[in-house]
Number of protein chains: 2
Amino acid sequence: MATHVEQEAGPRIPLSRRRVFQAAVKLADANGIEALTMRRLAEELGAEAMSLYHHVANKEQVLDGVVEVVAGEINDAVDRVGAEVAKPADWKGVVRRRILAAREVMLRHKWAPSVFESRTNMNPEVLRYHDQLVGIMHAGGFTYDQIHHALHALGSRALGFSQEMFNPAPGDSQPVPDMAALAEQIPNLVRMLADVAHDDPDSTLGWCDDQTEFEFGIDLLLDGLDRLRPKRR
Amino acid sequence: MATHVEQEAGPRIPLSRRRVFQAAVKLADANGIEALTMRRLAEELGAEAMSLYHHVANKEQVLDGVVEVVAGEINDAVDRVGAEVAKPADWKGVVRRRILAAREVMLRHKWAPSVFESRTNMNPEVLRYHDQLVGIMHAGGFTYDQIHHALHALGSRALGFSQEMFNPAPGDSQPVPDMAALAEQIPNLVRMLADVAHDDPDSTLGWCDDQTEFEFGIDLLLDGLDRLRPKRR
DNA sequence: ACCTGAACACCGTTCAAGT
DNA sequence: ACCTGAACACCGTTCAAGT
């Protein structure tokens, strides 16, 4: 299960900020974000924990770097989607495809959303992503004021993720709920879930942030925004 | 600056889960969530860290309890708003007022959103809040299936908060950006912010999750949902 | 210039012992 | 039954020293 990369025989590659950040992403991918400690990160790189401090000031900068790497992947992915808005009405399709492309990157780094949300400073790659979003919406005919509101309204969904309020962690087994007692305390939720389960037998009580729900959410927002868009007549 | 409550002369009140949770909220309110450690929490209660483990299994349970206390306050606040839907079309106003009431509670506990999002298990008080939301929307004429989608789409906004992607922390001073260099790399964002600043000179580069943006976001969602609502004819 | 060993000040948590 | 002191296994980080 260990992801420790065995030291190759050849001359050892010197550390660098970039190598530190990439190793951090790899470590989080393999063992989860809680495994990303300075000591384990150094081990992964075949160095001592204290050596990292020659390349980053502290752990916060490692997390900043991790966001930069992932946001960089997102920018690569959306670059492949493109940003051309042939006619204003096309804005929505372009934005939608880009957001879903960003989401695919996020799904490869399931720990990333919590790290993105923990950052309080601006990240150049994240800014670049939003800059293009602004450009696309402006080509769609929105005023900058509307775009500003739109970015707030989309929030993290613009980057392809939405923190779910009920999201049982992969590992922890919830105690099996006593349905009779639940029905008394949260009758409406129980009715709703019974109904949803009836329509879709595969869905579970611990409902997940699945693709359908994510798309429903962005469409609700994008459609709502489209209605506000000043249309040339 | 210390919030340590001096020991009263009288007989000391025994610890209890409830007292532990309430002290935890008080500690986070006063000194931020990073100050909430088992050792400092015990100190606040005039006990040793290890005494806490007679009432909670671990720190995770303390955080669960903290969410329960805050969600309890939210439930008290929305109870004062009420839940009556006189006619179906009223659903939106009722939900809107309840969400804004929840938001007021959250603003009193600015550290709370991150704790809410860190919980992976269901919390009885949070469930009770959502249960009533389901009831109100059903009275508004929505199908349970639609309500299910709606809860996903609202996400944390239902509870009165939205994690902002750009949210400079109160303490950390961002380096002053070099406007000329920025204009080259993120021209659209720079234009947008110049425009927004022109319309509203009080707004700053580090834009905050202010009331206007929050209301814009929920109205976009609630209006969008209202359009999907099956209307009796 | 780049790396490291030992140490420091903190965590959450366990354990055996106190009343 | 309830609380505690000492200890353990971890953190992030500092410092003085090595090459």
Side-chain angles (χ1 to χ4, degrees), chain A residues 1-5 7-8 10-21 23-24 27-28 31-67 111 114-115 118-121 169 171-172, chain B residues 1-5 7-8 10-21 23-24 27-28 31-67 111 114-115 118-121 169 171-172:
Chain A
M1 259 326 176
T3 54
H4 178 68
V5 174
Q7 195 69 23
E8 293 293 324
R12 111 153 146 239
I13 315 152
L15 289 180
S16 71
R17 279 177 78 86
R18 184 112 215 111
R19 277 193 70 216
V20 170
F21 297 156
L27 187 57
N31 300 65
I33 191 65
E34 72 284 353
L36 178 51
T37 68
M38 297 301 271
R39 280 171 167 86
R40 291 199 56 178
L41 180 53
E43 194 184 343
E44 187 83 12
L45 288 158
E48 299 299 313
M50 301 69 207
S51 304
L52 301 177
Y53 288 89
H54 283 271
H55 300 95
V56 295
N58 47 39
K59 190 177 177 181
E60 291 290 285
Q61 286 198 354
V62 174
L63 295 176
D64 288 342
V66 154
V67 166
W111 45 269
S114 66
V115 180
S118 75
R119 306 292 80 206
T120 58
N121 48 4
D172 69 2
Chain B
M1 262 320 176
T3 54
H4 178 70
V5 174
Q7 194 68 22
E8 293 293 324
R12 113 162 153 224
I13 314 153
L15 289 181
S16 71
R17 280 176 78 85
R18 185 113 214 110
R19 277 193 70 214
V20 169
F21 298 156
L27 187 57
N31 300 65
I33 191 65
E34 73 284 353
L36 178 51
T37 69
M38 297 301 271
R39 281 169 167 85
R40 290 198 57 179
L41 179 54
E43 195 186 342
E44 187 83 12
L45 288 158
E48 298 300 312
M50 301 68 206
S51 305
L52 300 177
Y53 287 88
H54 283 272
H55 300 95
V56 295
N58 47 39
K59 189 178 177 179
E60 290 290 285
Q61 287 199 354
V62 174
L63 295 176
D64 287 342
V66 154
V67 167
W111 46 269
S114 67
V115 180
S118 76
R119 306 293 78 207
T120 58
N121 48 5
D172 69 1

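Naming: A, B, ... by sequence-line order, numbering from 1 per chain. Note that the coordinates shown come from a computational prediction; the quantities given were computed from them, not determined experimentally.
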Hey, is the side chain of A:H54 pairing donor to acceptor with the base of C:dC2 inside 3.5 Å? no
Among C:dC11, C:dC3, D:dA6, the one nearest B:M50 by side-chain distance: D:dA6
Does any part of the side chain of B:L45, heavy atoms only, come nearer than 4.5 Å to the side chain of B:L52, both counted from C-beta? yes
What is the separation between atom CD on A:E60 and atom C1' on D:dC11, rounded to the nearest whole Å? 14 Å
Starting at CG of B:L52 and ending at P of D:dC2, how long is that distance when rounded to a whole Å? 14 Å
Integer-rounded Å distance: D:dT4 P and B:M38 CE: 14 Å
Using purine N1 to pyrimidine N3 plus N6-O4 or O6-N4 for Watson-Crick, or N1-O2 and O6-N3 for G-U wobble, both under 3.5 Å, which nucleotide pairs with D:dC2? C:dG18
Pair partner, D:dA7 [Watson-Crick or wobble, under 3.5 Å]: C:dT13
Check B:A35 against B:L27 and note the closest heavy-atom contact, atom names and distance. O-CD2, 3.7 Å
So, OP1 or OP2 of C:dC2: does either fall under 4.0 Å of a side-chain N or O from A:H55? no
Specify the separation, in whole Å, of atom CD of B:E43 and atom C1' of C:dC11. 15 Å
Closer to the 5' end of DNA chain D via nearest nucleotide, is it A:A35 or B:E48? B:E48
B:L41 CG to C:dT13 P, in whole Å, measures 12 Å
Looking across every strand, which nucleic acid part, if any, lies under 4.0 Å from A:T37 by heavy atom: base, sugar-phosphate, or nothing? sugar-phosphate
By nearest atom, which of the nucleotides D:dA7, D:dC3, D:dT13 is closest to the B:R39 side chain? D:dA7
Kindly say whether A:Q61 contributes a backbone atom to a donor-acceptor pair with the side chain of A:N58 at under 3.5 angstrom? yes
When you measure from the side chain of A:Y53, which nucleotide among D:dT14, C:dT4, C:dG12 comes out closest? D:dT14
Whole-Å distance separating the CZ atom of B:R40 from the C1' atom of C:dA9: 14 Å
Using the side-chain heavy atoms of A:K59, tell me which of these nucleotides is nearest: C:dC3, D:dG5, D:dG12. D:dG12
Would you call A:V56 and A:D64 a side-chain contact if the rule is heavy atoms closer than 4.5 Å? no
Minimum side-chain heavy-atom gap A:T120-A:E60 below 4.5 Å: no
